[in-house]
Amino acid sequence: MIRPYWLSDDRWHGLGLLVVVVTLTLGMVYLSVLLNRWNNDFFSALQDKNAAAFRRQLLQVTWLVGAFILLAVYQLYLSQMLEIRWRRWLTERYLLAWLADRAYYRMQLIARETDNPDQRIAEDIQLLVSHTLALFIGGLRAFVTLTTFVAILWSLSGQLTVPIGDHTLVLPGYMVWVSILYALGGTWLTDWIGRPLVRLNFDKQRYEADFRFSLVRFRENSEGVALYRGEPDEFRGFRALFDSVVQNWWGIMRRQKRLTSFTSGYSQGAWIVPSIVAAPRYFRGELGLGGLMQTVGAFNQVQDALSFFVVSYKEIAAWCAVVERLAGFERTLARVRRDTARGGGVQHADGDEQELRVENVDLHLPDGRPLIAHVNLSLHRGESVLLGGASGSGKSTLFRAIAGIWPFGRGEIRTSSKARVLFLPQRPYLPIGTLRSVVSYPMLADGVSDAALRDALEAVGLPELARRLDESGHWALQLSPGEQQRIAFARALLQNPDWLFLDEATSAVDEPTEERLYGLLRERLPGTTLFSVGHRATLRSFHSRRLTVKRTGPGPASVVEETPASPPRSA
């Protein structure tokens with residue numbers, strides 16, 4: 001997950017920023033060394049009651065602190081600059097992978113364990129980048145601090161003489177060994193106490209995303225809930241989802257309480273332990289007050305560096321949870337890519353410009369159960385074909401297979417790669433934005449003239465919307481289902497496809513409106529092939545051929561052709 005950015009076209013900008021951030025970090029460590037030396041001089045001046053030296057040390061610490069603040073500010077600023085560049089690149093990479101080969105659609109059919117992919121792209125990527133940079137910079141600073149202050153602490157520690165029976169053990173640089181033992185013990189205990197946080201943080205991301213998604217879904221279906229008076233049931237659902245958030249939060253609270261109890265005591269002990277260990281040398285006169293304070297400061301710097309794992313454990317746990325979630329997302333994307341590359345499912349091949357052929361197509365449900373078997377049919381340019389059948393027989397599934405988004409099945413569908421094909425589902429997709437972008441979708445709004453947009457809207461019976469092209473809104477909530485379906489027909493008029501497939505595309509409009517919409521298609525798109533899916537009897541008169549999905553037994557259904565009772569209506 002981390003490597004691709006540093007091999008990308010943006011790597012030089014990223015590396016340049018990283019080098020500057022590392023340089024600033026090293027500068028901050030160097031200033032820490034100078035401040036450590038200043039401790040000795042400052043407290044020695046206090047011990048000697050030397051007012052002139054005291055004033056010089058105050059002046060010196062002013063520019064040291066000022067320089068440290070300057071470096072810290074720009075280190076943070078440039079780190080955030082690197083973070084947003086990295087996040088932007090990684091977000092685009094994941095979005096392209098998610099959208100490629102309609103992986104987003106296949107994932108919801110075959111990979112339900114990958115919950116909330118939108119949250120993984122919007123939030124987990126940001127957490128991955130921010131935690132990675134924070135841990136890298138923190139780890140680098142800890143390493144440089146350790147290598148620098150170990151030498152200082154070694155020189156300040158002197159020797160520790162420990163009598164053991166008739167022998168004497170001389171331990172040089174004993175303060176270094178004390179800091180190492182202290183940090184090792186703290187690291188082991190921190191990991192033992194805090195390890196469950198990894199799973200708890202993983203679940204936290206999932207529960208929060210599930211709760212947020214349920215609220216968004218409720219908002220987008222507010223009219224249906226209001227009509228059903230389903231508020232009590234929705235509240236129960238919200239409460240159940242939020243209960244998962246609360247229970248997980250309590251688990252995090254309890255675990256962090258234990259971890260914070262230990263790490264707080266550990267941090268306080270980091271000041272007490274060196275004072276106790278160095279005090280005998282101070283009382284023997286081997287160390288002055290300045291030397292004692294410098295030794296305590298150096299010990300704390302070494303101990304802080306060695307305790308990087310302890311101090312950063314919560315962030316490491318959160319980072320591990322994010323990595324696992326994104327790893328699961330990548331595994332699912334890879335699975336979808338492998339399935340696509342293997343060529344399984346219904347194949348789409350280049351064919352004749354005047355004909356669309358469906359050859360030996362079998363369609364299955366995601367669990368492998370057969371749905372429709374042995375579909376063989378051909379559609380010719382300019383024809384109008386109606387596919388009917390009982391609800392749940394597989395009509396819409398065949399529609400999706402022809403569109404190339406249903407992966408479960410086998411067979412081949414041939415059509416010209418140069419043909420303009422448009423599919424109108426029962427519930428049109430209306431993006432949030434200006435009405436101009438909604439009507440022209442998926443074409444760029446700038447590529448369609450206002451006159452064409454207004455003409456299409458007026459033709460489908462929406463003249464009042466023709467005056468609101470620049471108005472932005474959530475049109476899926478503002479427009480009725482019938483108005484949304486008429487928007488879809490306006491798109492068809494604008495795009496003038498060679499092949500037009502409609503899945504219950506007039507189910508929300510009345511019969512006179514349905515007649516007018518199909519009349520518009522015949523009048524304005526005379527060369528377009530129409531393939532409609534529906535079970536309304538009124539649709540029959542608009543099509544020259546009629547196909548029916550029939551199930552005669554416990555096995556899969558089949559598609560048979562029937563002779564229409566009357567010729568299709570003309571425009």
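Note that the numbering runs from 1 along the sequence shown for the chain.
Formation of a donor-acceptor pair under 3.5 Å by the R120 side chain with backbone atoms of R325 is found in this model.
Remark: E330 engages R93 in a salt bridge (charged side-chain N to carboxylate O under 4.0 Å, His left out) (not counting sequence neighbours). Partners of F262 by ring pair (Phe, Tyr, Trp, His ring centres under 6.0 Å), not counting sequence neighbours, listed by chain and number: Y266. Applying the ring pair (Phe, Tyr, Trp, His ring centres under 6.0 Å) rule to F149 yields no partners; only residues at least two apart in sequence or on another chain are considered. The salt bridge (charged side-chain N to carboxylate O under 4.0 Å, His left out) search around R195 returns D191, not counting sequence neighbours.
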Kindly list each side-chain donor-acceptor pair under 3.5 angstrom involving residues 7-18, sequence neighbours excluded, with atom names and distances?
residue, atom, partner, partner atom, Å
S8, OG, Y5, O, 2.6
S8, OG, D10, N, 3.3
D10, OD1, H13, ND1, 3.4
D10, OD1, R85, NH2, 2.6
D10, OD2, Y5, OH, 2.7
D10, OD2, R85, NE, 3.4
R11, NH1, S8, O, 2.8

Tell me which donor-acceptor pairs under 3.5 Å the side chains of residues 56-65 have, and how far apart each pair is, sequence neighbours excluded?
residue, atom, partner, partner atom, Å
Q57, OE1, W38, NE1, 3.3
T62, OG1, L58, O, 2.8
W63, NE1, Q60, O, 3.3

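Taking both residues in full, the closest heavy atoms of A305 and A142 are given as CB-O, 3.1 Å, listed atom of the first, atom of the second, then distance.
Between T132 and M1 there is no side-chain heavy-atom pair separated by less than 4.5 Å. Between V448 and R436, every side-chain heavy-atom pair lies at or beyond the 4.5 Å cut-off. Residues R206 and N248 fail the side-chain proximity criterion, which asks for heavy atoms closer than 4.5 Å. Here the side chains of L31 and L71 are in contact, with some heavy-atom distance below 4.5 Å.
Within a 6.0 Å radius of CZ in R212, other residues, nucleotides and ligands contribute more than 12 heavy atoms.
Salt bridge R199/D203: present, at least one basic N to carboxylate O contact under 4.0 Å.
Less than 6.0 angstrom separates the ring centroid of W6 from the ring centroid of W86.
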